[in-house]
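No experiment lies behind these values; they were computed from the predicted model shown. In what follows, chains are A, B, ... by sequence order, proteins preceding strands, each numbered from 1.
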Amino acid sequence: MTKHPHETDVAFIQALAELLNKNDLTELAVMREYGENDSLEVRVVKQAPVAAAAPVYAAAPAPAALAAPAAAPAPAEDPARHPGAVASPMVGTVYLAAEPGATPFVAVGDAVKEGQTLLIVEAMKTMNHIPAPKSGTVKRILVEDGSAVEYGAPLMIVE
Amino acid sequence: MSGSTDTRAADLWAWPEGVARHVLPEVDSTNAQAARLAPHLTQPTWILALRQTAGRARRGRSWQDTPGNFAATLLMRPTGTAQDAALRSFVAALALHEALGAVVGPSANLSIKWPNDVLLNGGKVAGILLESLGGGRAVSHLAIGIGVNLAAAPDVAGLDPVTAPPVSVAGETGLTLPPEEFLTYLAAAFARCEAQLATFGFGPIRTAWLARAARIGQTITARTMTEVIEGRFETIDDTGALVLATAQGRRAVPAADVYF
C-alpha cells in the first residue's frame, strides 16, 4: 500500500480554499480516493458572511484520514452529500407548515410520495413548494421553521 | 390622426396572443384552481373569478373578497430556475402598476412596496402571491395570484395595524371598472413585461421597478419570522432581494414583510 505524500494533501486543501474564495462559496466538501483504504475527505468552510472576517479553513476530517484512514471512525456525516438530501433551489426563508401554527407538511418518520410538498422556501413573495424527489420516508429535517437558507442548502433527507 | 392613435392604443391593450382566458363565476381560490389546471396546461392561462370563496394571501392569511373586486391567477410554465421564477414577482408588480396607470390615468399616484405590493395614494390597492408548483431546482408551473381592490377596500378593523392601509380604485378615483375589463389591461401589460424579461433579462425590469419603488433611500423595517431588520432601503440586488444598509452593514433580504 503506497501512501500518497502529505504535501499533496496540503496542496489539495490549499487549492480548495482558493476555489472557495474565488467562487465566493461558503462551503466545499470533497472526497478523494487514492486507493483502497487511502482516501482524503476535506470540508472547507468560510465562516460568517461579514466581509471583515477572514476565511477560516477547517479541514475537519483530514488529519484523521491522514493518520489512520482505515481505522478512523466515519466522520460526522455531511447531510449535503447524503444521496437522499433535498436541497434548497434558492436563497430564502423556510416554512415547514402552510401557515403559522398549522400542522407541518411532514414530520420525521412520515412516509411521503414523490411530488408531495415537504416544505416551502419563500423568496420575493414566491412560495416555492419543495416536493419529495422520490417516494420514501422522511429521515431528517435539517432546517427550522422560519430559518433562512442558502442556495443548495440541505433541507431534509428522504430515503 | 386621432384615429391611428386610437388604433395603436387599442393594440397596446389588446388581449395578448397565445394566452388563454378563463372567467369563472365562482371558485374557492384562483390559485387553487390553477393547481388543478396545471396538469392540463397547454399555454399561459389567466383564471379570473368573479367571486372567490376562500381567497388566500401570504402565509395562510385570508384575502377578503368583495364583489366587484379583481381576483385572478396567471398560470404559466416558466423556463429557468426557481430563482428565475421568483423574478415574476417584479414582473407582475410592474405589469399591475402599468395596468392601473392606464386605467386611472396620469393623475394616479402609484408606487410599489417591496417586492410586489402596488400602492395607490400610499394605500395598498392590490396584493400578489406567487406559488410554484411541482418543482425542485426547476419550476414546472408558476401560479401568480393577483387581487385588486377595484370596487372596495376590505375592512381591516380589528386586524393588526398595517403599514399601508387598504384602499380601492373606486374609493380613490371614483372609477368603476368591471374585473373582466381590467383583466385585459393586466394581461396585456404582463405579456409585455414578461417578453422584456425573456429578451433582456432582469436588468430592465429591475430598473423600471426601482423607478417606481416606495421609500427608496429611506429607513424601513423588514420583519421575518426570526428577526426584525431596520435599515436604509438602498436597492434590490440582481435576484430581487431587498438591500438594506443597517447599523451592522449591508443586508440582502430575500423574504420579509416590509413596514414603514
Side-chain angles (χ1 to χ4, degrees), chain A residues 24 26 48-53 80 84-105 112-134 143-158, chain B residues 31 35 56-62 78 80-93 113-117 127-145 209 224-227 236-237 239-242 248-258:
Chain A
D24 212 18
T26 49
V50 187
V86 179
S88 179
M90 64 202 308
V91 177
T93 298
V94 167
Y95 301 117
L96 297 178
E99 55 193 86
T103 312
F105 292 109
V112 291
K113 285 202 203 101
E114 181 181 338
Q116 183 180 335
T117 297
L118 299 175
L119 46 74
I120 286 175
V121 178
E122 179 192 17
M124 319 312 150
K125 239 196 233 185
T126 304
M127 301 293 170
N128 285 272
H129 292 248
I130 310 299
K134 58 183 180 194
V143 286
E144 275 175 45
D145 194 34
S147 60
V149 290
E150 292 296 321
Y151 177 84
L155 303 170
M156 284 193 191
I157 290 177
V158 176
Chain B
N31 268 22
R56 284 187 283 160
R58 188 172 168 273
R59 302 290 298 133
R61 291 168 207 160
S62 72
T81 63
Q83 304 254 26
D84 296 334
L87 297 177
R88 268 40 173 239
S89 209
F90 302 91
V91 172
K113 173 171 162 271
W114 186 89
N116 61 18
D117 276 340
I128 301 178
L129 175 71
L130 298 89
E131 288 183 274
S132 78
L133 309 166
R137 219 152 271 243
V139 170
S140 74
H141 291 86
L142 183 67
I144 306 172
W209 188 95
T224 72
M225 259 176 78
T226 52
E227 63 177 331
I236 57 172
D237 70 14
T239 68
L242 180 71
Q248 290 78 39
R250 257 174 148 219
R251 284 280 303 270
V253 184
D257 280 324
V258 168

Worksheet item: Looking at B:G249, B:A85, B:G240, B:A143, which makes the most heavy-atom pairs under 4.5 Å with chain A?
Response: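 Looking at each option in turn, the highest pair count goes to B:G240.
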To the nearest 0.5 Å, what is the distance between [atom1] on [X] and [atom2] on [Y]?
X      : Y      : atom1 : atom2 : value
A:H129 : B:H141 : NE2   : NE2   : 13.5 Å
B:T81  : A:Y151 : OG1   : OH    : 7.0 Å
B:L130 : A:K125 : CG    : NZ    : 9.0 Å
A:I130 : B:S132 : CD1   : OG    : 6.0 Å
B:Q83  : A:M124 : CD    : CE    : 7.0 Å
B:M225 : A:D145 : CE    : CG    : 3.5 Å

Worksheet item: Under a 4.5 Å cut-off applied to non-hydrogen side-chain atoms, are B:V139 and A:N128 in contact?
Response: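 Yes, side chains in contact.
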Item to complete: May I ask you to test the B:L142-A:T126 pair for a side-chain heavy-atom distance under 4.5 Å?
Response: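 Yes, at least one pair of side-chain atoms sits under 4.5 Å.
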Worksheet entry | Toward chain A, the part of B:A252 with a non-hydrogen atom under 4.5 Å |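 Neither part.
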Worksheet item: What part of B:P254 gets closer than 4.5 Å to chain A, counting heavy atoms only: side chain, backbone, both or neither?
Response: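 Its backbone and side chain both get close to chain A.
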Worksheet item: What residue in A:Q116, A:M90, A:E144 has the most heavy-atom pairs under 4.5 Å with chain B?
Response: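 Counting heavy-atom pairs under 4.5 Å, the top option is A:M90.
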Discussion item. I'd like to know if the side chain of B:T226 and the backbone of A:S147 have a donor-acceptor N/O pair within less than 3.5 Å.
Written reply: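 No; zero donor-acceptor contacts below 3.5 Å.
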